[in-house]
A.B. asks: 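Structure below; questions to follow.
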Amino acid sequence: MAQKPSIPKGTRDFSPIEMVRRNYIFDTIREVYRIYGFQPIETPAMENLSTLMGKYGDEGDKLLFKVLNSGDFLENIGFDELKKGNSLKLTNRISEKGLRYDLTVPFARFVVQHFGELTFPFKRYQIQPVWRADRPQKGRYREFYQCDADVIGSDSLLNEVDLVQIIDDVFKRLNVRVLIKLNNRKILAGIAEVIGESDRIVDITVAIDKLDKIGIDAVNEELREKGVADAAIVALQPILNLSGSNEDKLNQLLTILATSEKGLKGIEEIQVIIRYLKAFDLSTPVELDLTLARGLNYYTGAIIEVKALDVQIGSICGGGRYDDLTGIFGLKEMSGVGISFGADRIYDVMTQLDVFPTDRIASTKVLFLNFGRDEGEFCLPLLQKVRMSGISAEIYPDIVKIKKQMSYADRKRIPFVVIAGETEIAAKNVKLKDMNSGAQFSVPLIELVPILLTKLEV
RNA sequence: GUGAUUGUAGCUCAGUUGGUUAGAGCGCUAGAUUGUGGAUCUAGAGGUCGUCGGUUCGAGACCGAUCUUUCACCCCA
């Protein structure tokens with residue numbers, strides 16, 4: 001055999017059964033987004049590097065896939081420059097496009113570029129793959145889908161409430177038990193303020209975000225390494241240890257953050273959201289989690305994250321409010337809030353929980369056996385009638401042994417086989433075989449479609 | 001980016017301290033069954049042992065590089 005072909009690291013092929021399941025997830029999310037009044041858009045796989053660079057932090061810039069300029073990309077590069085090997089500088093000369101890293105930044109670009117054509121508040125959803133040059137590991141791929149919904153041009157906390165409901169709705173439909181965690185960047189900022197380390201808000205949040213995973217001692221150790229003052233770490237402890245109901249936690253926070261205007265604003269926002277949510281009959285628990293930080297690049301208000309309750313995996317959905325995402329593209333005063341479902345991780349979770357509906361697997365419902373040229377021709381009008389009635393059907397294209405054709409039906413889990421050989425044609429009927437029971441019986445030509453419709457109905 | 005880890009038939013894996021022609025199960029193909037799938041039996045096909053280089057009389061096994069797999073960290077969906 002010649003050398004086996006392969007695909008790039010961190011990418012995957014999807015078989016028909018995997019596609020059926022993935023589409024089930026996409027269709028569910030798409031349907032919920034539609035019901036909540038979001039409209040679809042798509043953006044190109046490639047964006048200009050100037051759009052992408054600097055939006056995801058230094059780490060993010062490194063993880064961008066860059067696309068080499070077409071044509072002779074070294075045309076204007078001197079040999080001396082190449083020899084110097086300043087790859088950062090060279091990259092700018094030979095590449096001006098990159099694969100999108102997420103859907104939010106391209107969306108911000110979209111809003112600025114199409115500002116005049118849009119009606120605000122603009123609610124859009126977008127389900128497309130994104131690419132990151134990360135090292136693959138569990139639940140992490142270099143090409144994966146995000147399913148984003150954002151509202152831009154509205155400050156109202158009702159949007160946050162909508163998003164929480166969407167999350168609840170989607171996972172209810174998908175039959176996955178989850179926990180929704182809420183937090184607010186203003187509270188995090190308030191905490192940093194009252195412990196006297198406002199400048200270190202990023203370090204502090206990154207560290208306490210790991211509380212679940214590494215424990216309080218390791219968190220304190222990391223804070224110390226990052227240069228947070230011992231007094232501040234001590235002041236932080238009671239906050240990390242807050243417990244009880246959401247109301248209890250908020251009440252205690254009110255005292256702790258009493259001197260921080262920003263912190264109090266954050267508390268108020270969360271209170272409003274939680275109060276609104278009480279009006280709905282949610283099946284998902286919503287928990288205030290002060291250690292929730294998420295990517296800090298653009299979030300400014302609410303932060304939302306969703307964890308599967310029954311499977312150990314990273315977050316499967318997340319989002320938050322960003323007050324000035326479009327500002328970097330020159331459009332100020334545009335507050336937005338959005339969420340993103342990680343379809344690939346949801347797929348992994350649902351696979352582990354075995355909660356995919358089974359009836360979606362068979363695609364073809366009826367197979368016409370092919371006994372020969374004349375018999376095959378005899379089947380064609382019947383085949384068309386079956387298809388016109390909305391039942392997926394096919395005729396075995398090659399004239400091969402019946403055993404092989406039956407085996408094909410069996411392996412594709414086709415529930416019904418139509419047998420039309422010499423004897424049936426002479427008798428002006430066909431035999432219909434039920435592949436599950438193995439029973440088969442004669443059916444007059446006229447009745448084939450009605451009988452199939454009743455049988456498949458069940 | 002840091003540190004580990006994996007690679008032998010389509011799939012899951014054996015392969016002894018380096019020694020003749022690299023094996024098994026499942027799957028696949030054909031037949032038993034000249035118009036009937038899922039069971040059984042029989043036979044058969046299929047491998048430059050990830051790739052390149054090195055050590056050796058001799059490498060699937062040892063060494064190096066590289067690609068790939070999986071995992072942790074960083075970060076994140």
Side-chain angles (χ1 to χ4, degrees), chain A residues 1-12 15 25 29 56-64 100-104 127-148 202 205-207 209-210 213-214 218 222 292-297 304-308 312-320 338-349 367-372 375 396 399-425 430-441:
Chain A
M1 198 202 304
Q3 176 125 27
K4 265 192 219 173
S6 62
I7 54 177
K9 185 200 289 230
T11 63
R12 298 155 295 162
S15 64
I25 295 174
I29 294 171
Y56 309 103
D58 290 346
E59 288 286 333
D61 282 354
K62 280 187 219 150
L63 301 181
L64 283 173
R100 63 165 168 260
Y101 180 92
D102 72 355
L103 300 179
T104 310
I127 299 178
Q128 290 191 271
V130 302
W131 294 269
R132 294 181 190 178
D134 217 341
R135 279 234 195 140
Q137 58 177 269
K138 192 185 184 74
R140 179 191 287 183
Y141 310 99
R142 288 185 149 189
E143 178 185 58
F144 62 98
Y145 270 76
Q146 289 192 331
C147 313
D148 278 32
V202 172
T205 48
V206 166
D209 190 43
K210 298 175 188 161
K213 207 166 169 183
I214 60 177
E222 183 166 330
L292 176 59
R294 293 190 55 74
L296 292 150
N297 307 307
I304 306 169
E305 187 164 285
V306 180
K307 299 211 80 170
Q312 191 77 37
I313 196 164
S315 73
I316 54 179
C317 177
I339 51 169
S340 176
F341 288 89
D344 297 274
R345 285 190 179 171
I346 293 173
Y347 179 94
D348 290 346
V349 168
L367 176 73
F368 285 75
L369 297 192
N370 192 341
F371 280 83
E375 294 90 334
Y396 198 91
I399 301 163
V400 296
K401 286 193 178 130
I402 296 310
K403 181 188 171 84
K404 191 173 167 83
Q405 300 189 34
M406 291 296 287
S407 164
Y408 172 80
D410 185 48
R411 294 178 39 163
K412 275 188 79 174
R413 301 199 186 182
I414 298 173
F416 291 99
V417 169
V418 172
I419 302 163
E422 236 177 299
T423 35
E424 287 79 13
I425 294 173
V430 294
K431 286 212 174 62
L432 182 62
K433 175 160 178 154
D434 181 330
M435 292 296 281
N436 290 322
S437 65
Q440 82 184 40
F441 42 87

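Reminder, nothing fancy here: chain letters follow the sequence lines and each chain counts from 1. The basis for the numbers below is simple: all heavy atoms, side chains too, and nothing from hydrogens, waters or symmetry mates. Computed from a predicted model, the values in this text were never measured in an experiment.
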A.B. asks: Taking Tyr56(A) as the fixed residue, which of Asp102(A), Thr104(A), Asp61(A) is the one that meets the side chain to side chain donor-acceptor pair (under 3.5 Å) rule?
C.D. replies: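 Considering Asp102(A), Thr104(A), Asp61(A), a side chain to side chain donor-acceptor pair (under 3.5 Å) with Tyr56(A) is found only for Asp102(A).
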A.B. asks: Under 4.0 Å, heavy atoms only, any strand: does Gly438(A) hit a base, just the sugar-phosphate, or nothing?
C.D. replies: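 Base, at least one base heavy atom under 4.0 Å.
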A.B. asks: Given the rule in the side-chain contact (heavy atoms from CB on, under 4.5 Å) test, do Val130(A) and Tyr145(A) qualify, once you have shown the distances and angles that lead to the verdict?
C.D. replies: CA-CA 6 Å; Val130(A) 302; Tyr145(A) 270 76; over 6 Å; no
A.B. asks: Assign Glu424(A) to base, sugar-phosphate, or nothing according to its heavy-atom contacts below 4.0 angstrom with the strands shown.
C.D. replies: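 Base, at least one base atom sits under 4.0 Å.
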A.B. asks: In whole angstrom, give me the gap between the C1' atoms of U56(B) and U12(B).
C.D. replies: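 It comes out at 34 Å once rounded to the nearest Å.
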A.B. asks: Hey, is Tyr408(A) doing a stacking thing with G37(B), by the 5.5 Å centroid and 30° angle criteria?
C.D. replies: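 Check failed, Tyr408(A) does not stack on base of G37(B).
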A.B. asks: Under the side chain to side chain donor-acceptor pair (under 3.5 Å) rule, collect the residues that match up with Tyr141(A), sequence neighbours excluded.
C.D. replies: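 Side chain to side chain donor-acceptor pair (under 3.5 Å) list for Tyr141(A), sorted by chain: Asp348(A).
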A.B. asks: Could you give the CZ-to-C1' distance, from Phe368(A) to U36(B), as a whole number of Å?
C.D. replies: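 To the nearest whole Å, that distance equals 17 Å.
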A.B. asks: Applying a 4.0 Å non-hydrogen cut-off, can you work out what Ser315(A) is touching in the nucleic acid: base, sugar-phosphate, or nothing?
C.D. replies: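 The answer is sugar-phosphate, as Ser315(A) gets under 4.0 Å only of primed atoms, P, OP1 or OP2.
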A.B. asks: Looking for any heavy atom pair under 4.0 Å, which part of the strands does Asn370(A) touch: base, sugar-phosphate only, or nothing?
C.D. replies: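 It contacts nothing in the nucleic acid.
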A.B. asks: Testing Lys412(A), Lys404(A), Arg411(A), Gln405(A) one by one against Tyr408(A) for a side chain to side chain donor-acceptor pair (under 3.5 Å), which residue passes?
C.D. replies: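 By the side chain to side chain donor-acceptor pair (under 3.5 Å) criterion, Tyr408(A) pairs with just one of Lys412(A), Lys404(A), Arg411(A), Gln405(A): Lys412(A).
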A.B. asks: Whole Å only: how far is the CD atom of Glu59(A) from the P atom of U2(B)?
C.D. replies: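 Rounded to whole Å, this separation is 12 Å.
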A.B. asks: On a whole-Å scale, what distance lies between the P atoms belonging to G46(B) and U36(B)?
C.D. replies: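 Nearest-Å result for G46(B) against U36(B) at atom P: 30 Å.
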A.B. asks: How many angstroms lie between atom CZ of Phe371(A) and atom CD1 of Ile399(A), to the nearest 0.5 angstrom?
C.D. replies: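 Rounded to the nearest 0.5 Å, the CZ-CD1 separation comes out at 11.5 Å.
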A.B. asks: Between Thr205(A) and Ala293(A), which heavy-atom pair has the shortest distance, and what is it?
C.D. replies: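 Looks like O-CB, 3.6 Å.
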A.B. asks: Sort by first number and list every stem of RNA chain B: at least 3 consecutive Watson-Crick or G-U wobble pairs, both distances under 3.5 Å.
C.D. replies: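 Output for stems: B:1-4 with B:70-73, B:10-13 with B:23-26, B:28-32 with B:40-44, B:50-54 with B:62-66.
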A.B. asks: Quote, to the nearest angstrom, the C1' distance that separates A65(B) from C57(B).
C.D. replies: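 To the nearest whole Å, 26 Å.
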A.B. asks: If we ignore hydrogens and angles and just use 3.5 Å, is the side chain of Arg132(A) paired with the main-chain N or O of Leu63(A) as donor and acceptor?
C.D. replies: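 Not confirmed, Arg132(A) side chain does not pair with Leu63(A) backbone.
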A.B. asks: Sub-3.5 Å donor-acceptor pair from the side chain of Asp344(A) to the main-chain atoms of Phe144(A), do we have one?
C.D. replies: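 Such a contact is absent between Asp344(A) side chain and Phe144(A) backbone.
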A.B. asks: Hey, could you give me the CG/CZ distance between Asp148(A) and Phe341(A), rounded to the nearest 0.5 Å?
C.D. replies: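 The CZ atom of Phe341(A) is 10.0 Å from CG of Asp148(A), to the nearest 0.5 Å.
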A.B. asks: Tell me if the side-chain of Gln440(A) makes a donor-acceptor pair with the base of U36(B), cut-off 3.5 Å, by modelled atom types.
C.D. replies: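 Under the 3.5 Å cut-off, the side chain and the base do form a donor-acceptor pair.
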A.B. asks: Pick out the pairs of N or O atoms, protein on one side and nucleotides 29-33 of chain B on the other, that lie under 3.5 Å.
C.D. replies:
from   : atom 1 : to        : atom 2 : distance (Å)
G31(B) : OP1    : Lys401(A) : NZ     : 2.1
G31(B) : OP2    : Lys401(A) : NZ     : 2.9

A.B. asks: Identify, with sequence neighbours excluded, every residue that meets side-chain contact (heavy atoms from CB on, under 4.5 Å) alongside Lys9(A).
C.D. replies: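 If we apply the side-chain contact (heavy atoms from CB on, under 4.5 Å) test to Lys9(A), skipping adjacent residues, the hits are Pro136(A), Arg142(A).
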A.B. asks: Give Lys433(A) one of three labels, base, sugar-phosphate or nothing, depending on what nucleic acid heavy atoms sit under 4.0 Å from its own.
C.D. replies: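 Base, at least one base atom sits under 4.0 Å.
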A.B. asks: Rounding to a whole Å, what distance do you find between Gln128(A):CD and A77(B):C1'?
C.D. replies: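 Those two atoms, CD and C1', are 16 Å apart.
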A.B. asks: Between U5(B) and C11(B), how many Å separate the two P atoms, rounded to a whole number?
C.D. replies: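 Rounded to whole Å, the distance is 25 Å.
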A.B. asks: Given the C1' atoms of A77(B) and U55(B), what is the spacing between them in whole Å?
C.D. replies: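 The same atom, C1', in both gives a distance of 47 Å.
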A.B. asks: Where do Arg413(A) and Met435(A) land on the side-chain contact (heavy atoms from CB on, under 4.5 Å) test, with the steps shown first?
C.D. replies: CA-CA 8 Å; Arg413(A) 301 199 186 182; Met435(A) 292 296 281; over 6 Å; no
A.B. asks: Could you check how far CZ of Arg345(A) sits from C1' of C76(B), rounded to whole Å?
C.D. replies: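 So the two atoms are 7 Å apart, to the nearest Å.
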A.B. asks: Could you check how far CD1 of Ile304(A) sits from P of A77(B), rounded to whole Å?
C.D. replies: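 Going from CD1 in Ile304(A) over to P in A77(B) covers 13 Å.
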A.B. asks: If I take atom CZ in residue Arg132(A) and atom P in nucleotide C74(B), what distance separates them, rounded to the nearest angstrom?
C.D. replies: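 Roughly 17 Å, once rounded to whole Å.
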A.B. asks: Holding to side-chain contact (heavy atoms from CB on, under 4.5 Å), I want the full list of residues that pass it with Glu422(A), two or more places apart in sequence or in another chain.
C.D. replies: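 Here no residue qualifies.
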A.B. asks: Base, backbone or nothing for each nucleotide of nucleotides 68-73 of chain B, written B, S, -, heavy atoms under 4.0 angstrom, 5' to 3'?
C.D. replies: SS-SBB
A.B. asks: In terms of the nearest nucleotide of RNA chain B, which residue is placed more toward the 5' end: Ile419(A) or Glu222(A)?
C.D. replies: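 Its nucleotide being nearer the 5' end, the pick is Ile419(A).
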A.B. asks: Using atom P of each nucleotide, how far apart are U68(B) and G23(B) to the nearest Å?
C.D. replies: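 It comes out at 32 Å once rounded to the nearest Å.
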A.B. asks: Please give the distance between the P atoms of U8(B) and C41(B) as a whole number of Å.
C.D. replies: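 Straight-line distance between the two P atoms is 29 Å.
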A.B. asks: Nearest-Å distance, CE (Met435(A)) to C1' (U36(B))?
C.D. replies: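 Rounding to the nearest Å, CE of Met435(A) and C1' of U36(B) are 8 Å apart.
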A.B. asks: Provide, to the nearest angstrom, the distance between the NZ atom belonging to Lys431(A) and the P atom belonging to U36(B).
C.D. replies: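 So the two atoms are 12 Å apart, to the nearest Å.
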A.B. asks: Quick one: does any side-chain atom of Arg100(A) pair with a main-chain N or O of Pro129(A) as donor and acceptor, under 3.5 Å?
C.D. replies: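 It does hold such a pair.
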A.B. asks: Using atom C1' of each nucleotide, how far apart are G10(B) and C28(B) to the nearest Å?
C.D. replies: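 G10(B) and C28(B) have their C1' atoms separated by 8 Å.
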